[in-house]
Amino acid sequence: MSVAVLARLQAEFGAKILETSSFRGDDEAIVAPSDWAAVAAFLRADSELVMDHFIDITAIDYPERTPQLPRFDVVLLVRSMSKNHRVRLKTRVQDGEELDTLVPVWRGANWTEREVFDMFGIRFRGHPDMRRILLYEEFVGYPLRKDYPIDKTQPLIEYRKEDNLEKLPPFGPTEGQPWNRIDWQARLEGRDMQVSPAIAVQQGQKHALSESSARAEGKPLPDEIPGKN
Amino acid sequence: MPTFKLNDKEIPFEPGETIIRAAWKQGIEIPHYCWHPGLSVAANCRMCLVEVKSQRPMMLPILKWDAEKQDYVEDTKPKLAPACQQAAAEGMEVSSTSDQVKQAQASVQEFLLLNHPVDCPICDQAGECKLQDYWLDHQKTLKRKQTEPVHKVKGVRFGPTIVYDGERCVMCTRCIRFNDEIVGDPVLDMRERGNTNEIVLSPGRQLDHKYSLMNEHVCPVGALTSRDFRFKARVWFLKAQTSVCSGCATGCNMFVDYDPRDQHVYRLRPRDNEAVNKHWMCDDGMLSYHRYHQERIVTGRVRTNGHLADVKIDVAMREAAALLATVEKSKIGVVLSAQHSSEDNFVLAKLAREKFGTDKLYLAALPGWDGDKILRHNDNNPNRAGATLAAGGPLRTVKDLLADVASGAVEGVIALGWASAEDAVALAPLSRAKVVVSLSSNEGALPNTATVVLPVAVHVEMSGTFVNAKGMAQPFKKAIQAPPGVKSAWETTLDLARAMGLGIDFAKLDDVRRAMPANTPAASNPGAPV
Amino acid sequence: MDSFLLLSTAAKIGFALAIIFSFAPVLIWAERRQSAMMQDRVGPVRANIKLFGINITLFGLLHPLADALKLIFKEDFVPPKADKFLHALAPIISLVPAISVFAVIPFGDVFYPELWNQHFSMDLVGPATRGTPLQIASLNVGILFIFGIAGTGVVGAAIAGYSSNNKYSLLGGIRAAGQMVSYEVTLGMSLVGCFMVYDSLLLEDMVHWQMAHMWGVMAQPIAFFVFFTAAIAETKRIPFDVPEGESEIVGGYFTEYSGMKFGMFFMGEFVEVVTSSAILITLFFGGYHMPFLNAGGWDFSFQAFGHVYLENAQIALQHWGVTLIEVVTWVLKLSLMIWFQLMIRWSLPRFRYDQIMALCWKVLLPLSLLNILITGLVIIWNNS
Amino acid sequence: MERIEEELEDESALELPTEPMRLNMGPSHPAMHGTIRMVLDLDGEIIKDVDIQPGYLHRGFEKSCERGTWAQVYPYADRLNYVSPMLNNVGFSLAVEKLIGITVPERCAYYRVILGELARIADHLTCNGAGAMELGAFTPFLWFLKVRDWIWDILERETGARMTHSFGRIGGMAKPPTETLKQDVLDILPQVEKVLLEAEGMLLRNRIFIDRTQGIGILKKDLAIEMGVTGAMLRSTGVDYDVRKAHPYSLYERFDFEVPIGHDGDNYDRFLVRTEEMRQSMRILEQAVAQMPDDGPINVEDVRIMMPPKDQVYNTIEGTIAHFKLVMEGLKPPVGEVYSYTEAGNGDMGFYIVSDGSGTPYRVRCRPPCFINLAICRDMLLDEMIADIVPTFGSVNMIGGECDR
Amino acid sequence: MGALKTVMGGDAGFATTKLDALLNWARKYSLFQYPFATACCGMEFFAVAGPRYDVARFGAEAPRFSPRQSDVLWVVGTISQRQAPALKRIYEQMSDPKWVVAFGTCASCGGFYDNYTTIPGADKVIPVDIYIPGCPPRPEAVLDGLMLLMEKIEKGGNREAMTVPPRELPRLAQLRTRADTTIVSDHIGKMKEDK
Amino acid sequence: MGKLVNKPKYTMMERAYLPEIARGLGVSMRHFFKNTFSRRSKSEIVTVNYPEEKRIYPDRFRGVHRLTHRDDGSPRCVACLCCSTACPAQCIHIEPAEYDTSDPRYGYERFPKVFVIDELRCIFCGYCVEACPCDAIRMDTGVHVPPSTDRAHFIFDKEVLMSIPGADGTYESENPRHEPGDPSHPGLTRNHGH
């Protein structure tokens with residue numbers, strides 16, 4: 001804990017470190033995708049940081065923040081074995097944008113980057129083996145994207161055709177729908193609204209339905225419309 | 001515009017506005033029970049107390065518990081003002097989150113819950129109850145009071161639609177003010193004081209005017225509940241969709257509350273729109289959702305041997321096309337509907353004019369009801385204006401159609417909708433036509449006289465536009481799925497045209513809207529965000 | 001051929017088959033129950049037949065019966081691309097030799113039916129007295145017959161692995177062939193020392209030598225260990241079960257077998273345990289020999305330090321009694337040996353294939369050669 | 001012991017050139033735990049190349065978490081590393097508590113330690129036992145199962161389920177400890193020790209076992225660190241890293257225990273490290289039982305986080321409201337994201353959770369230790385023999401639920 | 001069996017009936033199992049095989065990892081879409097007569113893994129004879145399931161559904177717990193003598 | 001620094017196979033003899049001869065669900081749907097309904113017209129019990145759900161759920177509320193209409 005990781009990074013890269021934060025003691029730095037590999041290599045190589053212990057690479061999907069910000073956060077977690085400190089490095093990439101692979105820096109990034117590709121569809125430039133890892137090759141789409149419906153299955157083999165294999169009554173085929181508290185497809189189309197104001201607010205529908213929304217809708221039309229009664 | 005500061009945020013206001021209203025306009029909610037934007041100010045719940053910071057605040061002497069000394073010590077605190085009554089002033093600094101205010105909010109909330117029964121499991125308000133929300137936001141503690149709460153009346157039937165529970169009531173008097181001020185029917189009042197305070201009916205009266213269901217919606221807690229909605233669904237399961245009421249030509253804005261699991265609409269609620277309905281709706285409008293699920297036509301029907309038999313939709317479609325083909329195209333009369341959206345009517349009218357080459361267009365509409373000055377329009381058809389507009393010319397009545405049929409000028413009829421001013425007896429002459437194809441969502445006189453019935457979706461099952469009596473085009477969105485196989489009327493019309501070998505190509509609703517006359521308002525006014 | 005020979009041989013064959021075919025299921029039961037006991041559990045006990053209102057479970061002995069019945073009527077599946085003929089042949093090849101080995105194992109001394117209720121002594125055996133050795137066939141190549149026949153068992157496994165058209169089977173078959181061929185050599189070499197000591201290839205002579213001198217395990221301890229190890233390896237049981245290697249290559253050479261063919265492999269394995277145990281006790285534990293028992297009855301006198309102790313402690317037994325005791329002794333020894341083999345099977349992890357081969361060629365074979373050398377030296381020493 | 005092939009090295013020129021055989025192992029193969037497929041390129045029995053394909057148990061953990069409340073993650077978390085579910089429970093609890101910024105009362109922390117360490121013992125018992133079983137030594141495995149059942153009995157008495165407890169709660173535990181807990185734990189420890197000794201007697205110095213495990217599946221220290229390997233696998237290479245020591249959580253700094261580390265990073269070391277870890281867990285358990293206070297609160301007393309006591313729910317409106325708020329909407333942590341990590345059965349199990357301030361998790365990423373440990377398996381298997389897959393793969397302790405999620 | 005039946009005198013023949021009964025008895029007590037263990041339930045499957053519950057008592061301990069030799073396919077754990085072809089293949093490889101037991105919630109109906117990657121129940125792919133509820137089921141429930149399967153086998157008929165009305169099941173469970181059975185405590189319990 | 005594990009040196013004893021094998025055999029033989037020849041109480045056999053022998057499930061064991069009763073035998077449940085909200089497996093289906101107009105609870109309480117649990121889908125996490133504000137649903141029956149041959153058998157309806165007693169043999173619950181005539185429930189004793 002001798003070195004303040006973020007300070008060291010800022011000293012080295014200056015403005016290339018776009019943001020830093022230390023929420024609940026987790027040091028985090030955000031860089032641009034173009035600096036991603038360089039900063040990562042520095043983390044590993046620097047004699048004060050020595051982030052030699054690879055922890056994880058993952059991603060987060062924020063479909064709603066586009067186009068102000070790129071859609072995905074890609075997150076790298078590393079740790080130093082000798083110094084016993086950790087850092088979280090983040091970058092933001094657009095859908096379809098490729099990111100430099102970190103496999104040359106930490107070989108452990110191999111599978112986790114494959115998983116990010118599998119789940120989010122973010123490709124890594126220079127990765128030795130960019131295949132799906134958890135899902136099968138025939139799978140279309142990227143399930144951890146918010147707009148992939150959770151229950152959309154893509155069976156590899158046909159199901160048997162017999163009675164009583166579906167959910168039995170009174171459980172309908174859509175059972176589980178309300179528990180799917182946020183219907184992301186609907187939300188991205190702007191139509192997922194909860195009746196309960198409190199729950200609406202918790203789903204990010206700020207004041208959408210409470211009585212305090214006094215937005216006028218529809219406006220009187222000019223009188224000269226033909227055929228008007 | 002002058003501004004004041006609320007929690008360090010600049011809030012513009014119009015002179016004379018209260019703090020709470022100015023904040024509300026900005027989308028900032030100061031906790032309140034008794035204040036309602038559409039009602040007068042009562043300032044009796046004390047939930048909206050805020051601290052108005054001024055140079056010389058009025059300090060009130062209080063006794064404060066000192067934990068160290070284990071005794072009460074004298075102290076002072078600034079006097080708080082109710083935000084619902086305090087007019088905003090230029091440069092005023094207001095805090096609704098200071099310690100003093102927080103304490104006040106917690107205390108008020110605790111007082112309001114002192115005698116509240118343990119009813120959440122059986123209360124329909126649970127999930128949208130202000131007591132619950134404000135408890136979480138402002139009180140956050142368990143009960144300190146150990147004694148038995150005061151008991152009051154429960155489950156009192158106030159009228160055909162509303163039940164009152166005295167124990168849950170927080171005496172905000174919103175309901176009293178609503179009936180007084182908006183409806184002008186002072187049917188409710190309050191009696192007694194303090195613990196025994198309760199809402200009562202005027203002697204000899206019932207809460208039976210045409211806006212009684214609104215009482216449920218103005219009640220911030222579960223004291224007034226609707227008998228119609230009661231015990232049917234839990235609100236946290238329900239999703240809402242913005243829509244427009246189909247009850248009358250006013251076109252009240254509303255929410256459709258439906259359960260996505262069973263695709264069932266459970267209630268309709270008013271949606272704020274200052275230009276149309278402000279915050280209100282009438283009972284008939286709110287209950288009109290029953291029509292979405294009752295007396296629905298979900299199969300095709302074909303008349304055989306004098307009575308209508310259920311068949312598959314595509315069978316009925318083919319039958320309709322075949323029958324219509326036997327009729328000379330120019331002798332087909334097309335009945336538009338004032339109950340259906342502009343898009344439905346437009347596509348049908350387009351079919352008639354362009355493909356049949358007929359101008360025999362008629363309009364079926366309900367005969368009207370008892371309107372009033374508040375919301376209810378005399379015309380109980382939501383889209384008479386829109387249908388006329390979509391037809392692109394004046395429309396004749398169903399009576400004219402009957403005459404045309406009698407004269408032989410019309411041999412085939414395509415009729416949209418179930419609603420018509422005429423009853424079954426009056427429509428009987430229609431059967432003289434060779435073929436009557438009815439596109440209808442519900443049972444009614446029109447489909448009953450038809451040769452072929454094709455089911456169509458009701459308006460919450462599709463997106464569309466209503467044009468109200470004021471000429472405002474108001475779009476509404478699809479809330480629930482139509483029954484399997486059933487499509488909206490304009491899609492069904494397209495299918496019918498296709499079955500007859502006539503092509504009208506619209507792939508989606510936007511195509512239809514674009515094709516509608518440029519001055520047809522729907523296309524130019526897609527629904528504003530809610 | 002005279003009827004006596006026919007009759008007695010038939011009886012002996014019957015006995016041997018009875019031993020094999022009762023031992024094999026019992027062995028399956030024993031293995032399951034014994035392993036259960038080692039593992040702090042109960043094991044199969046619940047199969048029952050209701051007879052006259054009484055539930056008969058026989059401590060779970062009915063379970064192997066159920067297994068056999070079930071396997072007979074289970075679908076016999078032949079993989080579509082398999083070599084049908086070889087596929088069917090393999091289980092037979094692996095079961096039959098294992099059984100036929102039993103032909104040369106003596107389970108008792110010579111029995112004279114005419115003298116069955118007399119106190120036996122050699123004097124009574126006149127020229128007319130017909131005796132029959134309690135051994136199906138007394139071949140003059142004896143032990144070599146065992147090697148020759150038992151060796152064909154390998155072919156079964158190899159054929160099974162080859163004909164199944166399955167990579168796992170193939171691996172198993174190759175492993176089986178390699179392992180068994182290697183251990184066959186060790187098996188033979190380890191016994192050379194025994195031949196030198198026993199001075200015969202006849203199994204009954206070996207038993208007699210042990211009766212006269214001492215048990216082979218004392219005369220040839222190294223040979224015993226090597227032979228014992230090799231025998232386990234021959235039966236393809238843990239720690240030498242790589243041809244099956246359940247956790248590695250699924251089922252090995254019999255992966256693709258089902259029904260009774262699989263049952264034959266299954267059975268063959270247990271029969272092999274019985275036969276290998278029989279050979280073991282014959283070679284190293286005096287066969288049917290019971291200490292202090294001779295043809296005339298019990299004789300507890302023994303000689304040590306030039307004195308004869310317990311000179312008068314003799315109990316005369318009739319000929320049938322002696323024979324019976326011998327046969328029972330043999331069966332008991334057999335059971336014990338099997339039990340011991342099972343203990344080993346449930347206590348040890350398994351070798352790796354190359355380790356097995358290394359063990360064979362680098363440890364056991366040199367050891368058996370060494371044994372021959374030592375034995376030779378000792379014999380020369382004794383003779384000189 | 002060297003392999004035969006090595007002796008033949010000089011003569012290899014004499015051999016005919018052969019194509020490597022391609023062999024598919026799994027997903028339903030006895031040694032593959034049902035969920036891994038290995039595509040092997042074999043030269044004889046030597047593995048020339050191997051493609052390890054996980055994903056046959058991908059159950060959509062992360063997606064499923066995004067549709068319920070925070071509390072509804074627990075059943076899913078249970079089924080990550082299903083050999084030691086309690087450790088996942090604790091790990092997830094700590095993550096959300098870190099996000100909210102609360103710490104649980106001391107008694108609860110001890111309770112978590114006790115249940116967690118019991119789960120760790122059960123985990124290692126299963127792993128070592130299964131490893132032995134796959135080598136053919138069935139008996140020790142069943143002894144381990146016997147003891148594991150007793151441990152599960154304790155867990156069941158405490159939590160109500162044998163293995164999928166769903167017992168952790170954000171800000172505490174679902175129920176307070178039972179009265180018999182301490183005695184139960186003290187009773188079980190000698191039994192565990194006894195079985196460990198017995199199994200060690202059967203296996204540890206047995207040459208067959210040594211031959212099968214020593215020098216097989218060697219993992220190099222530097223490579224292990226670079227690959228992100230954690231847990232017993234990392235420690236077997238001689239790296240002294242245990243989250244409980246390096247970043248103590250949940251009062252682990254109060255216990256006196258040692259981190260066992262291995263010599264060479266082979267299968268034998270991993271077996272030993274796990275055995276020794278069980279002993280250390282027992283030490284921790286003894287101390288925890290001695291230190292744990294007998295009364296005091298278990299849960300944080302914040303009704304926005306923990307469900308109020310049932311009598312409050314039944315009898316007071318405030319309790320009922322709190323209850324309803326938690327049921328209808330769930331707990332609402334502040335907006336933010338944290339990474340919290342604990343030492344689970346297989347190593348550094350981290351939960352990277354993102355909250356948008358609502359009652360539904362925005363993203364729950366589980367850093368699966370054995371997924372990352374498995375990635376290195378290829379390096380450990382190359383040039384070994386088919387039979388070595390079994391102990392090597394067994395000692396990686398791949399748990400499908402956690403690896404594939 | 002068809003051929004045998006004709007030989008022995010038709011479906012109702014005495015010999016056939018007796019032979020069938022005998023065969024069913026044998027099959028019942030000789031269930032070689034193929035554990036298709038994928039997930040959490042596998043741990044509980046171990047426990048069933050373990051000393052405490054010892055499925056061997058029913059003669060069903062022998063796990064055959066070759067489907068050809070097994071009689072019962074235990075589907076133990078979640079079946080993902082990716083795994084399903086393997087499951088189906090294994091089922092097809094098994095030789096008749098064969099039975100399938102769905103072990104636990106996931107194998108029976110998918111449970112709460114109701115998402116893009118799992119199959120809602122093994123019976124979507126292969127026919128299932130016995131469903132054992134529980135997540136994972138207790139060993140007692142598994143043994144109940146095994147006994148149910150044995151009962152089914154004994155009654156004959158490969159795929160014939162047994163009709164136990166659901167409302168009798170809890171009663172059945174009650175009886176099984178409370179009537180003429182001994183209540184035992186485990187080893188640790190014996191030492192403590194508390195339960 | 002961590003504790004280096006004690007890795008045995010490869011000595012002659014190990015090299016020779018036999019001594020250590022013998023030791024291993026000794027351990028298993030001890031088990032064998034102890035279990036085979038000593039009395040049941042002394043042996044280490046832990047097998048429970050299910051179904052003839054049974055273990056009592058612990059108090060906290062989460063078994064098959066049950067619905068508790070009121071004094072008059074009606075379900076305690078008021079169909080507030082908390083349990084189905086909290087259920088991660090969505091295995092509870094409830095259709096609330098109003099009491100008959102002649103019932104004293106009419107207009108005040110609801111009851112579950114349909115209360116169905118799919119026990120096959122249930123994962124026995126106990127969240128429904130925790131979420132119940134009325135102590136109406138419990139899992140303290142001490143019985144596991146029995147297996148069956150058909151998925152339809154696991155659809156437990158209200159009658160089935162109400163027929164299962166708790167482990168103590170009663171149907172009661174601890175919840176004091178909502179009993180007509182109870183002091184905390186005076187609303188119904190007042191003169192009122194619905």
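For the numbers below, each heavy atom of this structure counts, side chains included, while hydrogens, waters and symmetry mates do not. Proteins come first, then strands; the chains are lettered A, B, ... in the order of their sequence lines, and each starts at number 1.
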### Message
side chain to side chain contact (heavy atoms under 4.5 Å, CB included) for N206(D) and L348(C)? Distances and angles first, verdict last.
### Response
CA-CA 8 Å; N206(D) 186 329; L348(C) 295 182; 3.2 Å; yes
### Task
Apply side chain to side chain contact (heavy atoms under 4.5 Å, CB included) to F138(D) and Q39(C), showing your working.
CA-CA 9 Å; F138(D) 208 68; Q39(C) 293 152 354; 3.6 Å; yes
### Query
Between Y168(C) and L23(D), does a side chain to side chain contact (heavy atoms under 4.5 Å, CB included) hold up when you go through it step by step?
CA-CA 8 Å; Y168(C) 288 115; L23(D) 186 67; 3.9 Å; yes
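What you find for E134(D) and R350(C) is that their closest heavy atoms are O-NH1, 3.2 Å. Nearest heavy atom pair, residue T139(D) against residue M38(C), reads CG2-O, 4.0 Å. Contact detail for P349(C) and I208(D): the closest heavy-atom pair is O-CG2, 3.6 Å.
Atom OH of Y162(C) has 12 or fewer heavy atoms from other residues, nucleotides or ligands within 6.0 Å.
With a threshold of 4.5 angstrom between heavy atoms, L145(D) does not approach chain C through any atom at all.
The shortest distance between side-chain heavy atoms of M21(D) and L171(C) falls below 4.5 Å. Contact of the M385(D) side chain with the D354(C) side chain is registered, since non-hydrogen atoms from C-beta on lie closer than 4.5 Å.
Between the side chain of R41(C) and the backbone N or O of K146(D) there is no donor-acceptor pair closer than 3.5 Å.
Electrostatic pairing of D388(D) and R352(C) counts as a salt bridge here, judged by a charged N lying under 4.0 Å from a carboxylate O.
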